[in-house]
Structure formats: C-alpha cells, structure tokens
Amino acid sequence: MTNKKRQLAPKYNPTEVEAGRYKFWLDGKYFEATGDKNKEPFSIVIPPPNVTGRLHLGHAWDTTMQDTISRMKRMQGYDVLWLPGMDHAGIATQSVVENKLREQGKTRYDLGRDKFIDTVWDWKEEYANHIREQWGKLGLGLDYSKERFTMDEKLSDAVQEVFVKLYEKGLIYRGEYIINWDPVTKTALSDIEVIHEEINGHFYHMRYPIKDSEEVIEIATTRPETMLGDTAIAVHPEDERYQHLIGEKVVLPIVGREIEIVADDYVDMEFGSGAVKITPAHDPNDFEIGNRHNLERVLVMHEDGTMNGNAGKYEGMDRFECRKAIVKDLQTLGVLIKIEDHLHQVGHSERSGAVVEPYLSTQWFVNMQPLADRAVELQKGEDKVNFVPERFEQTYLNWMENIHDWVISRQLWWGHRIPAWYHKETNEVYVGKEAPEDIENWRQDEDVLDTWFSSALWPFSTMGWPDEESEDFKRYFPTDVLVTGYDIIFFWVARMIFQSLEFTEEKPFEDVLIHGLIRASDGRKMSKSLGNGVDPMDVIEKYGADSLRYFLLTGSTPGQDLRFYWERVESVWNFANKIWNASRFVLMNMEDFKYEDIDLSGELTLPDKWILTRLNETIQNVTQNTDKYEFGEAGRALYNFIWDDYCDWYIEMAKIPLNSDNEAAKQTTRSVLAHVLDQIMRMLHPYMPFITEEIWQQLPHEGESITVAAWPTYNEEYHDEVASKEMKQLVDIIKSIRNIRAEVDTPMSREIPIMIKAKNDTVQITLDKNRSYLERFCNPSELTIATEVRAPEDAMTAIVTGAEIFLPLEGLIDFEKEIARLEKELKKWESEVELVTKKLSNEGFVNNAPEKVVEAERQKQIEYTDKHEKVKQRLEELKK
RNA sequence: GGUUUCGUAGCUCAGCUGGGAGAGCGCCACCUCGACAAGGUGGAAGUCGGGGGUUCGAGCCCCUCCGAGACCACCA
C-alpha cells in the first residue's frame with residue numbers, strides 16, 4: 001500500500017478514457033434533478049432534435065453549450081434540470097418514411113393512415129435510440145427520467161388545450177385564403193417554411209384586346225400559366241392612361257373569358273405598364289383585390305401542381321410544362337409582345353425544395369396580432385427576455401412587429417390531429433379536446449398541426465402543463481436559458497415566447513443564447529448535397545468527445561458562425577494530451593499522498609505563492625466568462641493557465657523540492673500540485689467532462705464524481721501580488737539568459753558562468769533566495785548574484801528590470817555583432833523613453849487619463865530610462 | 001428596399017465598457033532535460049480593408065467608401 005505509485009498511461013487515449021464513463025454518471029444519477037428545496041433550481045430544456053436521423057455538428061455545438069452551463073451550475077450547488085426530448089418533426093419525418101416506402105414501391109396511401117402512423121412510430125423508436133446514444137457519446141448531462149417527446153400523451157394534451165383555448169378566444173380561425181402550397185409534399189406551409197431564392201426568370205409582356213374596341217391593354221407577368229385563372233385586370237384609379245377603360249371588358253386570350261378592368265389603389269402606376277392581371281386563386285395580393293371587387297376565384301391547378309379542368313386544353317400538364325405551352329400559344333396568337341430576362345425571388349419549400357405555389361385553400365390559422373403585441377410589450381419592459389448577443393433581440397422584434405397570421409394546418413398524417421369535427425349534415429364545426437358524443441354524425445378534420453405548434457409549448461408542456469400544480473412546472477418553469485441557433489429564432493424562439501405569455505403569463509426563459517451555424521472549412525454550409533458534412537461521431541472516434549467539445553466551445557464568439565477544421569480539433573487533442581501528461585507527472589510524485597494530506601499552511605515557495613495567485617485569477621476569469629456564455633474567453637484563460645503557468649513554469653520549478661530530501665518541502669509541493677490540479681480539473685470539467693473525471697478520480701480526491709464536486713471559488717488567503725511581481729522578475733531573468741544563449745547558440749546543457757548584477761539589495765535577496773531556480777533553468781557553471789558585479793569584457797549583456805545580466809562567453813562572442821545588437825537595443829529603449837516622455841509631458845493625457853494609467857506610464861518611464869542608461873554604459877565599455 | 005455580421009500575422013480566429021496588438025496551425029533555428037518530440041527553448045511575421053472625424057489617446061466610438069456574407073420584404 002505504502003509505495004503504490006499511481007499511474008496513467010503515457011499517452012492520452014480518449015477512447016479508453018471515455019469508455020464506460022457515461023454509464024457511470026447515469027448509474028450515479030448525477031444528472032437527475034434532485035428537487036432539493038435547499039438548492040436553487042436551474043433549468044434548461046433541450047431544443048428537441050427531429051427524430052428524422054442522426055445528430056450533426058450543429059446539434060453537438062448547441063448541446064455542448066447547454067451541457068457546459070448546466071455542469072457548472074450543478075457544481076455551483078444548483079438543483080439542475082436539463083430536460084431532454086425529441087420532436088416528431090411532422091413534415092420532415094413523414095417525408096423520410098415516405099421515401100423509405102417508395103423504395104419498396106409503396107405510398108402512404110397503400111398502408112392507410114393508421115398503418116402508416118404505426119410505421120412512423122417504429123422509425124421514431126429506432127432513431128430516438130440513435131440520438132440518445134449520440135448524446136451519451138458527447139457526454140451530455142441530461143436527466144433522462146424526465147425525457148419527453150412532442151407526441152407523448154401529456155404533451156399532445158397540452159397541444160389540444162392550446163388549440164381549443166385559442167379557438168374559443170377567437171385567436172384560431174378556419175378559412176379559405178391563399179397559402180404557400182408545396183405541390184411535392186402536398187401540404188400548406190407557413191411563410192417561414194418558404195425559402196426565397198433569387199432565380200433568373202422571365203418577364204412576359206402580353207397584350208389583351210379590349211372588348212368591342214380596337215384598343216389593347218398591356219400587362220406583364222412572371223407566371224403566364226396563371227392567366228388561365230385571371231378574373232380581372234387592375235389599374236390605378238388615378239391613372240390617366242386608363243381612365244376610359246375602367247369598367248370595360250377584356251377578352252382573355254385562349255380562354256375566351258370576359259374579364260373586367262377594375263380600379264384599385266394597390267396597383268403601382270410607375271411599375272411596368274401600370275396594368276396588372278388579377279388571379280385571385282393564385283396570388284395573395286390578387287386575392288385581396290378579388291375580395292374588394294367581388295371577383296370570381298378560379299383555381300387552375302391540382303394539389304400536385306398539375307393543371308386542372310379549369311385549364312381547358314392544358315389539363316393534366318405540369319404547371320411548368322403548361323407555362324411553356326401557353327407562351328408558345330400566346331406567341332402564335334400574337335398576344336405576347338416580348339420576353340425579358342428577369343431576376344426575382346422565388347419561394348421554395350424548405351423541406352422538398354419544390355417551387356411553392358400560392359394556392360387558394362381552406363386552412364386553419366392563428367390570428368397573430370394580439371399574441372405578437374403581448375410579446376413586443378414584454379421586450380419594452382424591465383422583465384424582458386435577454387438575447388445573447390443582444391442584437392438578435394432586434395431581429396426577433398422586427399419579425400414580431402411585422403407579423404402575419406400563421407397557417408397551422410398541414411395536410412400530413414404524422415402529427416397532432418386537429419381537434420375539430422364537422423357535422424356530416426349541417427357542416428357545423430365543433431372544436432374540443434373530446435370528440436363529439438354522437439361521433440357517427442361527425443367527421444374529424446383530416447389535417448395535423450404544424451410541428452412548431454407543439455414545439456412552441458415545449459418549455460412548459462414538458463414540465464407538466466396544463467397541470468399548473470405539477471411539481472416540475474412550479475419548480476423549474478420558467479427555465480433559465482435557452483440555447484439555439486439564429487436560424488430558428490422565428491420558427492421556435494418567437495413562438496415559445498408568445499405562447500408562454502398567453503398560457504402561463506410568464507416568459508419561458510430568462511436568457512436566450514443564440515449561436516451561429518457550423519460551416520465546412522471552406523466557409524460553405526455543411527450539406528448532404530455538397531457532401532461536405534462531418535459526422536460528430538467520426539470526430540469523437542478520432543480525437544474524443546472532449547476535444548470536439550472544447551473546439552466547439554472555444555472556436556467562435558457568441559452569435560458567430562464556426563468553421564470546422566480537423567487541424568484545430570487535433571490541436572485540442574494536443575492540449576488534452578498535455579493535461580494528461582501533467583497529471584501523469586503529478587501522480588508519479590504523489591506516492592501515497594491523500595486528499596486529507598493537502599496542506600497549504602506550510603512554508604510556501606515563490607512559485608507556490610505565484611501559482612496560487614494565478615489560480616485565483618483564473619477562477620475568477622473562468623467563472624465570470626462562463627456565466628456570460630463567453631466560453632471562448634474562459635477556455636483561453638484555462639488553456640494559458642494550464643499550459644503556460646502550470647506546466648511550463650510551476651511543474652518545472654516543483655521538480656526542485658520534489659527531488660530534494662526535504663520531506664516538509666515535498667509535502668507542501670505535493671499539496672500545491674494536487675490542489676491546483678484538482679481545481680483545474682473542476683474548472684475544466686464543464687468543457688471536457690471525460691478526461692477531467694478520469695484524472696480527478698486518479699488524483700487524491702474526495703467524493704464520488706467530479707460532476708458533483710464543488711466549483712472552485714476565489715481564495716483571498718492565497719492571493720499574493722508581491723509574489724507575482726517577484727515571480728515575473730525571476731521569469732524575466734531566466735528568459736533573458738535563455739535568449740542570450742540562443743543567440744550565441746550555446747545549448748542549455750552546456751554550463752557557462754552567469755553573473756547577475758542586482759540593482760539593489762531587495763533584488764539581490766530575492767534572487768539569492770530563488771537561486772535554485774536559476775540554476776535549474778539556466779544551468780550555469782557558476783552563478784554570481786550581487787549588487788556589485790564588474791562586467792567582464794567578453795560578456796554578453798541583458799538588461800532587465802532591476803538587474804543586469806552578464807554571460808562571460810570567451811571565444812563565443814563576435815564583438816562587432818554584440819555591439820550591433822546592443823546598439824539596436826539602445827535605439828529601441830531610446831524611442832520607448834521618447835514616447836513615454838512625450839506622453840507624460842502631454843497635459844491632456846496627465847489630466848484626463850485615469851490615475852492608474854498615468855502611474856503605469858510613470859513606472860514605464862523610470863524602467864525604460866534605467867534600461868536605456870544601462871545599455872548605453874555597457875556599449876561604451878565595449879567600445880573602449 | 002430594410003436589418004445585420006464580417007474584413008486584425010501565410011491560414012483560421014481572439015481582442016471584455018477606448019489606455020500602444022494576441023492565440024492555434026503553418027514557417028525558421030536549436031534541443032532525446034526521467035510528465036509530454038502530439039514535446040521544449042528561441043525566432044521571423046501585422047500601414048488592425050481605404051479615407052475622414054470625435055478624443056490627451058482609436059483595432060475598439062461616429063461618418064463615408066470598398067469588399068464578402070446572412071436575414072427579412074406581396075411589387076405584378
């Protein structure tokens with residue numbers, strides 16, 4: 001037992017480190033919200049991923065941030081609930097499953113509604129398992145005892161509750177309007193599900209003959225096939241060119257229908273000919289005009305985008321085929337005047353990519369204005385939702401302030417079926433959570449709700465709402481922070497806010513942390529079609545989850561996109577390996593040192609005091625920045641502290657007492673080494689959970705798991721500014737000596753004498769006290785430290801604050817070169833002195849700048865003047 | 001048309017409420033020193049997109065121009 005040396009493998013192997021660790025955490029139930037009333041609750045709900053497939057890097061990024069926040073909060077003593085779950089993702093999932101069926105030569109209609117839905121559930125179960133497995137690989141501290149799915153019974157109940165309540169309030173209505181129609185998936189889409197892309201199209205100019213007249217009227221369109229559904233021509237009421245034609249009839253070419261010329265304010269006199277064809281069934285503006293003028297609505301297409309019976313001889317043609325045919329026919333008839341190239345925005349379905357058809361259809365809508373007003377009002381007050389970064393609040397508000405009604409019915413099978421029934425005879429509409437009693441006389445609406453209708457309720461439906469007395473709802477709602485990408489602010493964030501306000505009277509979360517998109521290394525979006533996607537699981541396999549996580553967390557600033565680089569993940573691996581090896585060193589020197597043996601009350605060395613001070617600074621930095629969601633800054637502070645301070649300096653210096661015979665000194669050094677490493681592991685844990693748990697378990701520690709260890713706090717007792725200054729001086733001197741040696745190319749292994757002329761006794765005592773470090777780092781054959789040192793002729797010189805350093809290097813110095821080097825240095829100090837003097841003689845500066853800044857400049861002046869003087873003296877000596 | 005982000009070392013990016021520019025990778029030289037060569041030590045490298053302004057002082061604030069991107073928007 002006594003001589004048991006703790007060991008780590010010589011190389012960091014993430015696969016080994018991570019294996020079994022997640023299970024250990026789950027078995028320990030460390031991620032489960034305790035409900036402990038002595039603790040403050042802290043809650044986050046995961047943005048539920050679609051059950052359509054595997055998680056991508058964007059998910060990994062998004063969830064890692066949440067994990068980092070919740071792990072820190074848990075360690076800080078909060079009762080943390082991070083609630084997992086998934087989204088049924090109606091249109092996306094249904095499409096995927098339908099594609100699968102298609103491979104078997106089947107359609108959903110072959111199976112029928114019930115069978116099809118069963119098939120989708122099977123799919124869901126399979127993919128939910130994939131997703132959980134991936135969450136595990138990422139190390140996410142989720143409370144699976146509270147996992148939810150948007151189509152769970154209880155969550156479905158919440159959906160119905162909301163639908164019925166909104167209906168009763170008149171905030172949901174059904175009606176026939178122009179909506180965005182996707183002819184491929186054959187469903188209505190909301191405005192934000194339509195992606196506008198710039199397309200090189202054509203502008204077709206046509207000339208319609210006025211009835212009983214020689215006159216013609218010129219109109220233009222980008223969609224000539226819709227002329228089959230034209231029921232009017234509109235001109236501006238004040239347009240002098242057309243005054244005499246208002247009320248006249250036009251004979252629609254090909255169709256032969258007579259349509260009227262109407263006057264409407266909507267028409268822009270400046271644009272085109274100032275006359276517009278009106279197709280109320282295929283254009284939202286035309287629909288409005290049609291309403292104002294009581295125009296007939298002629299739908300000319302089927303739901304799949306082919307032309308219907310109203311299209312006459314074009315019936316059965318695809319809409320784009322029809323376009324070509326019509327253009328040809330119009331040309332033949334001489335109606336078509338010209339075709340111009342025209343760059344314009346064309347809407348495409350977010351899911352299928354199909355060109356969206358504005359289409360007359362009966363759908364359910366949410367009347368958004370009252371809901372949006374409330375959400376906007378919230379942001380005007382004190383208790384608003386905090387967007388991080390702030391600028392996204394404006395994006396959100398712009399949308400809310402220009403809100404349009406929301407089409408919520410979808411012509412799909414997979415989703416929450418609309419709780420509306422129509423009487424078979426009277427056509428009466430019944431809306432309610434329960435089906436009507438004489439069900440045989442009613443038929444339920446075939447449609448389901450937009451997926452986002454249920455997602456909008458996620459922060460409270462998952463907590464037990466509409467049961468407002470549910471424990472979870474009372475304790476964990478509203479949640480503390482929501483983390484998501486800027487691409488779904490409208491889809492989700494906005495809708496959660498207004499639904500939450502409407503139904504719970506509270507905002508759903510305090511903060512919204514918005515991040516960007518993951519891009520490929522060339523800056524393009526990662527996408528299946530480009531084949532440039534990177535599977536997070538591949539990254540984990542190669543470099544480990546910790547490396548991936550740290551890369552994601554520190555790779556960009558909040559709200560900014562992030563490019564994926566394998567090289568950078570690799571360099572994080574290097575960092576992890578460094579941590580691994582530093583820990584390995586510490587463990588090799590621990591003997592049977594235990595956690596209780598950590599004792600910082602012994603005599604602390606200069607490096608001890610310094611590293612503890614730096615630890616304090618790092619604790620403050622990391623805590624504050626993580627709280628601000630500045631993971632990049634926090635990560636950098638940790639990186640520098642671990643690599644530069646702890647590894648490069650402290651460990652190297654600790655080797656002296658560790659290799660000595662002084663048992664007391666050894667124990668103190670072990671204490672500091674162990675304590676600082678323990679604190680490092682804790683701070684790093686939310687960033688790199690696996691490696692830190694592994695090392696922490698090997699280190700002298702107390703407690704079962706680092707996941708529930710206390711978060712480090714600033715310790716005033718070990719904050720020593722004086723020691724920090726001394727250490728800085730020591731480091732300066734060591735670096736200068738290394739620098740000179742590098743210049744004359746003498747390896748550190750070669751012993752040479754070193755003479756240090758201290759400026760005063762204080763410096764000399766400090767250096768004398770710490771000469772063991774100078775000896776270890778500079779390897780001199782002889783080390784002289786005194787206030788009176790005569791510089792040998794054949795020495796190279798370095799001037800540092802408070803000291804002059806001479807290295808007698810007989811035969812190694814080229815005097816000409818040395819003089820040139822010093823002259824260069826002299827010039828440097830000269831200009832520094834000049835600059836700082838100029839600044840200090842500037843009254844504006846001295847009077848306006850903060851005292852701290854001015855004082856710093858004064859110190860610099862003294863220092864630089866001294867250095868300048870010393871270099872000058874040395875030069876004169878050499879030149880003699 | 002409106003809103004918005006970005007332009008800093010060869011590459012990718014930091015730079016906190018203005019106080020004299022940093023990291024990673026890459027590059028050059030040297031080093032097997034008992035944690036780590038995936039490492040150590042030293043080094044080269046930037047007119048902070050251009051111009052103007054505010055200020056004692058600007059990478060940071062304001063204006064303007066150039067360049068790249070994102071989002072929103074019913075102009076037929």
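Note on naming: letters A, B, ... go to the chains in the order of the sequence lines (proteins, then strands), and numbering restarts at 1 for each one. Side-chain atoms are counted along with the backbone in the values below, which use heavy atoms only and exclude waters and symmetry mates.
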| message | Just to be sure I understand: a Watson-Crick pair is purine N1 to pyrimidine N3 plus N6-O4 or O6-N4, both under 3.5 Å. Using that and G-U wobbles, which stems of three or more pairs involve RNA chain B? | response | B:1-7 with B:66-72, B:10-13 with B:22-25, B:27-31 with B:39-43, B:49-53 with B:61-65

Measure the distance from [atom1] on [X] to [atom2] on [N] and round it to the nearest whole Å.
X        : N      : atom1 : atom2 : result
A:Arg563 : B:rA68 : CZ    : C1'   : 10 Å
A:Arg519 : B:rA68 : CZ    : C1'   : 11 Å
A:Glu225 : B:rA76 : CD    : C1'   : 13 Å
A:Phe585 : B:rC33 : CZ    : P     : 17 Å
A:Lys824 : B:rA44 : NZ    : C1'   : 11 Å
A:Lys735 : B:rG40 : NZ    : P     : 13 Å
A:Asn402 : B:rC74 : CG    : P     : 10 Å
A:Tyr359 : B:rC74 : OH    : P     : 22 Å

Closest to side chain of [X], choosing from [options]:
X        : options                : result
A:Gln394 : B:rU3, B:rG19, B:rA76  : B:rU3
A:Tyr565 : B:rA76, B:rA14, B:rU12 : B:rU12
A:Ala849 : B:rG42, B:rC56, B:rU3  : B:rC56
A:Arg738 : B:rU41, B:rC74, B:rA35 : B:rU41
A:Trp643 : B:rG42, B:rC74, B:rG40 : B:rG40
A:Asp268 : B:rA14, B:rC75, B:rG40 : B:rC75
A:Lys578 : B:rC71, B:rA14, B:rA35 : B:rA35
A:Ser571 : B:rA35, B:rC25, B:rA76 : B:rC25
A:Phe271 : B:rA14, B:rC74, B:rC75 : B:rC75
A:His342 : B:rA35, B:rC16, B:rA76 : B:rA76

Please report the distance separating the [atom1] of [N] from the corresponding atom of [M], rounded so that it comes out in whole Å.
N      : M      : atom1 : answer
B:rC60 : B:rA14 : C1'   : 13 Å
B:rG15 : B:rU41 : P     : 26 Å
B:rC65 : B:rC28 : P     : 45 Å
B:rU3  : B:rU17 : C1'   : 25 Å
B:rG59 : B:rU8  : C1'   : 7 Å
B:rC66 : B:rC27 : P     : 39 Å
B:rC6  : B:rA45 : C1'   : 24 Å
B:rC63 : B:rG39 : P     : 46 Å

| message | Tell me whether the NZ or CZ atom of A:Arg549 lies within the 45° cone about the ring axis of A:Trp61 and under 6.0 Å from its centre. | response | no

| task | With A:Lys655 as the cation and A:Phe585 as the aromatic partner, state whether NZ or CZ is under 6.0 Å from the six-membered ring centre and within 45° of the axis. | result | yes

Between the base of [N] and the side chain of [X], is one N or O donor paired with an acceptor at under 3.5 angstrom?
X        : N      : result
A:Lys839 : B:rG20 : yes
A:Glu652 : B:rA35 : yes
A:Asn285 : B:rC74 : yes

| message | Go nucleotide by nucleotide along RNA chain B from the 5' end; which of A:Ser273 and A:Glu630 gets its closest nucleotide reached first? | response |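 Closer to the 5' end of RNA chain B: A:Glu630.
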
| message | Let me spell it out: for each of A:Glu743 and A:Arg391, pick the nucleotide of RNA chain B with the closest heavy atom. Which residue's pick is nearer the 5' end? | response | A:Arg391

| request: Scan side-chain atoms only and decide if A:Asn621 and A:Arg636 contain a donor-acceptor pair under the 3.5 Å cut-off. | output: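 Distance-only check fails for A:Asn621 and A:Arg636.
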
| Is there a donor-acceptor contact under 3.5 Å linking the side chains of A:Asp191 and A:Asn180? | yes

Sugar-phosphate, base or nothing in reach of [X], heavy atoms under 4.0 Å:
X        : answer
A:Val267 : base
A:Pro10  : nothing
A:Lys852 : nothing
A:Phe575 : nothing
A:Asn577 : sugar-phosphate
A:Tyr639 : sugar-phosphate
A:Glu857 : nothing
A:Gln560 : sugar-phosphate

| query | Do A:Trp566 and A:Phe551 have their ring centres less than 6.0 Å from each other? | reply | no

Check whether any side-chain nitrogen or oxygen of [X] sits under 4.0 Å from OP1 or OP2 of [N], and answer yes or no.
X        : N      : value
A:Asn842 : B:rG57 : no
A:Thr557 : B:rA14 : yes
A:Lys525 : B:rA70 : no
A:Asn574 : B:rG39 : yes

| Flag if over 12 foreign heavy atoms under 6.0 Å of CD, A:Glu851 |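 Buried by this count: over 12 neighbours within 6.0 Å.
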
| query | Any chance CD of A:Glu541 has more than 12 other-residue heavy atoms, nucleotides or ligands included, within less than 6.0 Å? | reply | no

| task | May I ask you to decide whether A:Glu225 forms a salt bridge with A:Arg319, counting only side-chain N to carboxylate O separations under 4.0 Å? | result |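 Salt bridge: no.
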
| field | Partners meeting side chain to side chain contact (heavy atoms under 4.5 Å, CB included) with A:Asp268 (sequence neighbours left out) | value |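 Result, side chain to side chain contact (heavy atoms under 4.5 Å, CB included) vs A:Asp268: A:Glu270, A:Phe271.
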
| task | Anything under 30° is parallel, anything over 60° is perpendicular, the rest tilted; go ahead and classify A:Trp829 against A:Tyr864. | result | tilted

| Where does the angle between the aromatic ring planes of A:Trp399 and A:Phe490 fall among parallel (under 30°), tilted (30 to 60°) and perpendicular (over 60°)? | parallel

